[in-house]
There are 2 protein chains.
Amino acid sequence: MAIVMYDLAGADPALRFSPYCWRTRMALAHKGLAVETVPWRFTDKDVIAFSGQGRVPVIRDSDTVVYDSWTIANYLEMTYPDRPSLFRGAGGQAHARFINAWADSVLLGGIARHIMHDILLATDPKDHTYFRSSREQRFGATLEVVQAEGRAHQLAVLRESLTPVRLVLRGQPWLGGEAPSYADYILFGTLQWPRCVSPFALLAEDDPVLAWLERALDLFDGLGRKAPRV
Amino acid sequence: MAIVMYDLAGADPALRFSPYCWRTRMALAHKGLAVETVPWRFTDKDVIAFSGQGRVPVIRDSDTVVYDSWTIANYLEMTYPDRPSLFRGAGGQAHARFINAWADSVLLGGIARHIMHDILLATDPKDHTYFRSSREQRFGATLEVVQAEGRAHQLAVLRESLTPVRLVLRGQPWLGGEAPSYADYILFGTLQWPRCVSPFALLAEDDPVLAWLERALDLFDGLGRKAPRV
């Protein structure tokens, strides 16, 4: 029986752009687990109320419900130990938590400032009021202003924040080493988010991170590359 | 036969403050390997010329010479596989490279701006001209100005840059998980550097990173805590 995954969708139900959901999609593909995704919108809180909270990704694996992308990755690793490892050992799991924390605290916020209004345009109309009011409260400015100021003043800072990734890629092809690991899916999800939801080019053409992203898009028969974009 | 390690020293030969050398000291202790350290100054290039380059740490293990803290950690892991693992698996090693790159590109530069003049005061007089001219060229300002401006304007940014560490420590006691790994020694070396060479308090009293540092100072019979400070 396929794992069911509740996956953030836009006005177009085929548009899937959550950075956290993409981490989980890639982790499921890495494990070779069948998945049925359910398009979910920000305001569909009642649809995932069974998980005891209100955010995606949520997965249902037979009788087990798990939410939060990091928790899901750990669940999959523990529950399916005979399938390809997401972390390749206890140290890999522990150290991936740092990469997850870095992506969440440094990269996600930096990217958000460049695409907040584009996200609004992509979301389902029923989500607009919720999305605008919750995010404008968080940023203390309109989404139009956040995005315009981000693009005008924060692009160099954002690109600079990827320096650790560039240093790693000088020594190995993936964050996971010779092959992708969940660390790569953390970064992939984070970058697939703006790639799917916005036409704005966050990475320079000659950035080694872009070359890495292109390789990641080809994984699992092009799972990421086939995904619809705005 | 003990491993010989060339270790950056100050005017006081007992003062050891290089962030990279401290990573290696902790890695050697983790492996339970005997070490004889040789105090080395910035201008003692001829003393380590046998390594083919001019920076420490350099280790000599019988007939093998290895330099660069990251390379040394990998050498120790490969050469002494039966001793406690620094990385706990291939994933741990690959992901630790990211933490190493983050510490080098984000944290070291941020800390440097708060302690550059204090480092000068601690170095051997024969190193003063070299240290001042090479670092002032890098920063484009006098060491006095770099340090004063860093402390006046960059402390909040520096503390903020440790956010990923704080997030990790909410979920596990060490960057390595339930026990310290080389990832912890990367961070430890980076923070032991200002701790040994400067009286300036980089971490707030209530910072969970400081609590982690206190625990790290107690490792290996207080190896880090016993180290002389200015």
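Each chain gets a letter, A, B and so on, in the order its sequence line appears, and its residues count up from 1.
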Heaviest contributor of heavy-atom pairs below 4.5 Å to chain A, chosen from Gly176(B), Ala103(B), Gly177(B), is Gly176(B)
Distance-only polar pair, side chains of Tyr182(A) and His30(A), donor-acceptor under 3.5 Å | no
- Message: Could you check whether any side-chain N or O of Arg88(A) sits under 3.5 Å from a backbone N or O of Gly91(B), counting only pairs where one atom can act as donor and the other as acceptor?
- Response: no
Given Thr163(A), Val165(A), Ile99(A), the one with more heavy-atom pairs under 4.5 angstrom with chain B than any other is Ile99(A)
Max heavy-atom pairs within cutoff under 4.5 Å with chain B, candidates Val106(A), Leu167(A), Leu169(A), goes to Leu167(A)
Heavy-atom side-chain proximity of Ser161(B) to Leu107(B) below 4.5 angstrom
yes
Checked Gln93(A), Arg170(A), Glu160(A), Gln172(A) vs chain B; the most non-hydrogen pairs under 4.5 Å come from Gln172(A)
Quiz prompt | Distance-only polar pair, side chains of Asp68(A) and Tyr20(A), donor-acceptor under 3.5 Å | solution = no
Counting heavy-atom pairs under 4.5 angstrom with chain A, the leader among Ala90(B), Gly89(B), Ala94(B) is Ala94(B)
Point to revise | Student check: side-chain heavy atoms of Thr190(A) and Trp22(A) closer than 4.5 Å | key: no
